[in-house]
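For ligands, and for the atoms within them, numbers begin at 1 and follow the listed sequence.
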Amino acid sequence: MQNIYEEILKNMPNSEVKQNELMSKHTSFRIGGPADIWIRVKDIDELIYIVNYANKNNLELSIVGNGSNTLVKDKGIRGITISPCFENIDIKWEGDIAIVNAGSGVKLPVLANELLKNEIEGFEFASGIPGSVGGAVRMNAGAYGGEMKQIVESVTFINEEGNLITVRNEDINFSYRYSRFKEKKEIIVNVKFKLSKGNAKEIKEKMDDLNGKRIEKQPLNMPSGGSTFKRGNGFITSQIIDEAGLKGYKIGGAQVSEKHAGFIVNTGNATAEDVLNLVDYVIKVVYEKYGKIIEPEIEVIGE
Ligand SMILES: Cc1cc2nc3c(=O)[nH]c(=O)nc-3n(C[C@H](O)[C@H](O)[C@H](O)COP(=O)(O)OP(=O)(O)OC[C@H]3O[C@@H](n4cnc5c(N)ncnc54)[C@H](O)[C@@H]3O)c2cc1C
């Protein structure tokens, strides 16, 4: 890996390239072993270079955005792991319609605040989701009745062959926590949102209200990957986990949050194995008690 690292370092001067980087530093779970090579990519040509390089050298390429929906396993990630760090925000007006271009590395709360400053409404629901624009589109992130599907106009990405492509909303196959980006290793670079002119006071009130609800209900003071499980089909997942008596249940350092049973939290020294064992245990107990199938929402990578 040393030769590969040196070659990449030489060819990606505008990005940040590291070797054996602990992924616990880059995930909200604060869990995860080392990535052989970790690159914060800041330049589009360098992104194309690394996709081609990985293809040519048969190296696994993984993507991590802000790491807020990802559990990296304890032995870490082989090959190359990239984090797209495009942080541009550009706003254009067409009458009362705001066309907002955001780089895939922009954090949703940062974008929400920029939109607030420009009196643009429609993004409030996402203001408390701690992900990047790229990760949010891939996951069709949503909350409080809003989701990416409703506001994305088009997405520009690098495909598996290293080509830059733009697709419109209707070609993204958005559905609940799903998009076409879950099927292929397409790396999102830029997202164009269509939003509208609003009133700063009302936007701020809505953001404060929703974020107040988060603070009240979610264990935001503990590391987690957000809601660990998907919404139930005809039932509320966190409620059924709670009813099964699992609130506070612990395996190693992983615990079903005492505040919100839908969250598995890291109490300080959890391993990925602890989290995965607890996920399996919760799924098993809920199925045995109620015959209901619950599915994880978090993405698991590495070995
Ligand atoms: C406290 C807390 C609260 C949360 N609340 C919500 C909520 O209300 N609603 C909700 O939907 N989610 C929520 N989440 C989960 C998470 O924040 C979202 O899923 C978010 O959109 C993930 O973005 P990310 O950049 O952190 O993605 P990551 O975890 O880094 O990645 C998620 C997936 O997207 C892929 N990916 C990341 N960036 C790109 C890119 N540029 N191109 C292609 N693929 C990419 C990764 O490979 C991975 O498979 C919460 C998480 C936490 C910790």
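Side-chain contact, Y178 with E183: a donor N or O sits under 3.5 Å from an acceptor N or O. E46 and S15 share a donor-acceptor pair across their side chains, judged by distance under 3.5 Å alone. For E161 and N159, the side-chain atoms include at least one donor-acceptor pair closer than 3.5 Å.
For the pair I63 and ligand 1, the shortest N or O to N or O distance falls below 3.5 Å. Note: no N/O pair closer than 3.5 Å links N140 and ligand 1 by distance alone. Taking only nitrogen or oxygen atoms, main chain and side chain alike, E299 reaches within less than 3.5 Å of ligand 1. At least one N or O atom of G65, backbone or side chain, sits closer than 3.5 Å to an N or O atom of ligand 1. Taking only nitrogen or oxygen atoms, main chain and side chain alike, N69 reaches within less than 3.5 Å of ligand 1. For ligand 1, the polar-atom distance check against I188 finds a nitrogen or oxygen pair separated by under 3.5 Å. Geometrically, ligand 1 and M139 share no nitrogen or oxygen pair separated by less than 3.5 Å. Taking distance alone, with nitrogen or oxygen atoms compared against 3.5 Å, G142 approaches ligand 1 more closely than that limit.
Ring geometry, F193 versus F123: the interplanar angle exceeds 60°, so the pair is classed perpendicular (tilted spans 30 to 60°).
Per-residue contacts place A141 under 4.0 angstrom from the following atoms of ligand 1 (heavy atoms of the residue considered): 11 (O), 21 (O). Here is the list of ligand 1 atoms found below 4.0 Å of a heavy atom in S28: 53 (C). Heavy-atom contacts of T70 reach the following atoms of ligand 1: 28 (P), 29 (O), 30 (O), 31 (O), 32 (C) (cutoff under 4.0 Å). Listed by atom number, the atoms of ligand 1 under 4.0 Å from R177 heavy atoms are 11 (O). Ligand 1 places these atoms under 4.0 Å from at least one heavy atom of P130: 2 (C), 3 (C), 4 (C), 17 (O), 50 (C), 51 (C), 52 (C), 53 (C). Taking every non-hydrogen atom of V64 and a distance limit under 4.0 Å, the qualifying atoms of ligand 1 come out as 30 (O). Close contacts between ligand 1 and E186 involve ligand atoms 42 (N), 43 (C) [criterion: under 4.0 Å to a heavy atom]. Ligand-side atoms of ligand 1 in range of A143: 8 (O), range being under 4.0 angstrom from any heavy atom.
Contact detail for D90 and K92: the closest heavy-atom pair is OD2-NZ, 3.1 Å. Nearest heavy-atom pair across G65 and S83 is O-OG, 3.4 Å. When every heavy atom of V72 is checked against every heavy atom of A272, the shortest pair comes out as O-CB, 3.5 Å. Between E297 and N69, the shortest heavy-atom distance links the atoms O-ND2, 3.4 Å. Closest of all the heavy-atom pairs between A270 and A254 is CB-N, 3.7 Å. When all heavy atoms are compared, the tightest approach of I129 to R214 is CG1-NH2, 3.4 Å.
Residues V300 and V279 form no side-chain contact, since every pair of their non-hydrogen atoms from C-beta on lies 4.5 Å or further apart. Annotation: side chain of Y53 is not in contact with side chain of N11 (no heavy-atom distance under 4.5 Å). In this structure the side chain of E153 reaches within 4.5 angstrom of the side chain of R168, judged on heavy atoms. For the pair I4 and N57, the minimum side-chain heavy-atom distance is 4.5 Å or more.
Contact analysis leaves K182 out of contact with ligand 1, as no non-hydrogen atom separation drops below 4.0 angstrom. Taking 4.0 Å as the cut-off, R214 counts as a neighbour of ligand 1 on heavy-atom distance.
The parts of A136 lying near ligand 1 are both backbone and side chain, judged by heavy-atom distances below 4.0 Å. The backbone and the side chain of S68 each have at least one atom closer than 4.0 Å to an atom of ligand 1 (non-hydrogen atoms only). Only side-chain heavy atoms of L220 come within less than 4.0 Å of ligand 1; its backbone N, CA, C and O stay farther off. By the criterion of a heavy-atom distance under 4.0 Å, the side chain of S104, and not its backbone, is placed next to ligand 1. Residue contacts with ligand 1, taken as heavy atom pairs separated by less than 4.0 Å, do not involve E147 at all.
Compare R138, E297, K184 by their heavy atoms: the one nearest to atom 36 (N) of ligand 1 is in R138.
Closest to atom 25 (O) of ligand 1 among all protein heavy atoms lies S132 OG, 2.6 Å. Of all protein heavy atoms, the one lying nearest to atom 27 (O) of ligand 1 is G135 CA, 3.7 Å. Looking at atom 18 (C) of ligand 1, its nearest protein heavy atom turns out to be I129 CG2, 3.9 Å. Nearest non-hydrogen protein atom to atom 53 (C) of ligand 1 is G226 N, 3.3 Å. Among all protein heavy atoms, the one lying closest to atom 23 (O) of ligand 1 is G131 CA, 3.3 Å.
With E295 as the partner, the salt bridge (Lys or Arg N to Asp or Glu O under 4.0 Å) test is satisfied by one option alone out of R177, R231, K230: K230. Results of the salt bridge (Lys or Arg N to Asp or Glu O under 4.0 Å) test with E303 over K75, K73, R78 single out R78 as the only residue that passes. Of the listed residues (K42, K107, R40), just one forms a salt bridge (Lys or Arg N to Asp or Glu O under 4.0 Å) with E87, and that residue is K107.
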